[in-house]
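What follows is a set of notes on a single structure, which appears directly below.
Side-chain atoms are counted along with the backbone in the values below, which use heavy atoms only and exclude waters and symmetry mates. Everything quoted here is computed from the prediction, not taken from an experiment.
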Amino acid sequence: MTAFATALRGLTVAATALFAVAAAPAPAEARPDPHAPKGFVALRDVDPTILQEMRYVTPHNFVGQRIDGYRQPLCILTEPAAKALHKAQRVLLRKGYSLKVYDCYRPQRAVDHFVRWAEDLGDERMKAEFYPRVDKSRLFEDGYIAKKSGHSRGSTVDLTVVRLPAAPTRPYIPGEPLKPCYAPQGERFPDNSVDMGTGYDCFDTLSHTDDPRITGKQRAHRDLLRNTLAKNGFVNLPEEWWHFTYKPEMFPETYFDFPVSRRSLPH
């Protein structure tokens, strides 16, 4: 091969490579996370006395792992809902109690995580605690899991009542033996909450707020929570003693997907 042919061949190879690079699609840029609109606040900024035990940023939940979208253990709510909780907290503090929140605003990506988990019938690692009497194949049909959640609108909160002074709840250790969420308080996973008859997120009819099997102190505690919140604008979901929505909602038709973190909030 002559020197001229060799050089020509080299130019051809280089041009082909350059064309391939130019024709290759540009790498997709990471889409920035959405932010909360004006009107969302951190509950701690409104009332720092309300206890927070944000379950979905930990593996101690019915899925058994940290849930998508929970970047920090932070309760985020619409400002009217947060202010209404502050009023309820003032009432309870005078009686020697405090509110404790388990979950507040929940991004749509977290709800999608729940749906993927519910569709995977082989993953039952947390069944013995959270849904021991429910077949996982029925979670959608029985209403325990849905593709949309009122939490994503920002005015719904899961919470309980704690007697003061409150000792902290011990951390959950992944892999530890699980106890049914409906077991007597001394037998189920420890929680510094007063006895509500079941643990939080217990997929069981015993969690229905007015289940007739709930009597005595358990009934009094559920009524204390519901009545205090009702006087401050919150409506209870009858199937879950811990689930309340502030009315009227600030964003009644919008399901948000910004992550649970300080960076998501308006500045």
Side-chain angles (χ1 to χ4, degrees), residues 51-56 58-64 67 75 85 88 92 97-104 106 110-111 113-115 117-118 124-152 155-163 169 172 178-230 234-246:
L51 304 176
Q52 299 192 25
E53 185 183 319
M54 308 304 292
R55 286 287 186 87
Y56 297 141
T58 79
H60 189 213
N61 56 66
F62 56 85
V63 176
I67 304 303
C75 173
L85 280 189
L92 288 173
Y97 295 96
S98 173
L99 293 171
K100 181 176 79 169
V101 295
Y102 294 113
D103 191 39
C104 302
R106 180 185 305 166
V111 179
H113 191 169
F114 292 163
V115 170
W117 166 81
E124 294 190 325
R125 75 187 87 170
M126 303 300 286
K127 178 178 175 63
E129 178 174 352
F130 291 96
Y131 53 106
R133 295 193 285 212
V134 178
D135 190 292
K136 192 176 181 183
S137 65
R138 293 187 57 85
L139 292 182
F140 289 106
E141 184 176 352
D142 290 352
Y144 293 113
I145 299 293
K147 294 184 178 181
K148 293 288 184 181
S149 168
H151 281 274
S152 302
S155 295
T156 295
V157 58
D158 293 340
L159 72 175
T160 188
V161 172
V162 175
R163 182 76 185 182
T169 298
Y172 164 75
L178 301 176
K179 303 295 178 62
C181 54
Y182 54 75
Q185 186 180 35
E187 298 178 18
R188 60 182 183 260
F189 186 85
D191 190 321
N192 58 8
S193 167
V194 297
D195 188 4
M196 291 290 190
T198 76
Y200 168 57
D201 259 354
C202 188
F203 295 179
D204 195 273
T205 55
L206 202 62
S207 295
H208 293 186
T209 309
D210 289 318
D211 189 286
R213 293 168 291 178
I214 299 297
T215 59
K217 289 184 177 180
Q218 296 173 343
R219 167 56 50 203
H221 293 153
R222 290 192 185 188
D223 288 345
L224 173 64
L225 177 62
R226 178 170 55 179
N227 294 341
T228 303
L229 291 178
F234 287 91
V235 177
N236 174 241
L237 179 68
E239 290 78 21
E240 299 177 350
W241 60 257
W242 56 81
H243 180 118
F244 291 83
T245 299
Y246 179 76

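Thr228 pairs by the side chain to side chain donor-acceptor pair (under 3.5 Å) definition with nothing, not counting sequence neighbours.
Proximity of Val157 to Leu229: side-chain heavy atoms (C-beta onward) are nowhere separated by under 4.5 Å. Residues Leu139 and Val134 have side chains in contact (heavy-atom distance under 4.5 Å, counting atoms from C-beta outward). Thr160 has its side chain out of reach of Trp242: every pair of non-hydrogen atoms, C-beta onward, lies at least 4.5 Å apart. Here the side chains of Glu187 and Lys179 are not in contact, with every heavy-atom distance at 4.5 Å or above.
His243 places no side-chain N or O within donor-acceptor distance of the main-chain N or O of Asp158, the cut-off being under 3.5 Å. No donor-acceptor distance shorter than 3.5 angstrom exists from the side chain of Glu53 to the backbone of Thr169, with no hydrogens or angles considered. Within the 3.5 Å criterion, the main-chain N or O of Ala183 finds a donor-acceptor partner in the side chain of Arg188. Proximity of a side-chain donor or acceptor of Asp135 to a complementary backbone N or O of Ser137 within less than 3.5 Å is detected. Although no hydrogens or angles enter the test, the distance criterion places a donor-acceptor pair under 3.5 Å between the side chain of Ser152 and the main chain of Arg106.
The only option from Pro180, Pro132, Ser207 that meets the side chain to side chain contact (heavy atoms under 4.5 Å, CB included) definition with Cys202 turns out to be Ser207.
Ring pair Tyr131/Phe203 is tilted by interplanar angle, where 30° to 60° counts as tilted. Between Tyr102 and Tyr200, the two ring planes are parallel [angle under 30°; tilted spans 30° to 60°].
Using a 4.0 Å cut-off between charged side-chain N and carboxylate O, Asp191 and Lys100 make a salt bridge. Electrostatic pairing of Asp211 and Arg222 does not count as a salt bridge here, judged by no charged N lying under 4.0 Å from a carboxylate O.
The distance between the ring centers of His60 and Phe189 falls below 6.0 angstrom.
Thr205 and Arg133 are not linked by any side-chain donor-acceptor pair at a separation below 3.5 angstrom, with hydrogens and angles left out of the test.
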Could you give me the CA-CA distance, side-chain angles and deciding distance for Val111 and Ile145, then say whether side-chain contact (heavy atoms from CB on, under 4.5 Å) is met?
CA-CA 9 Å; Val111 179; Ile145 299 293; over 6 Å; no

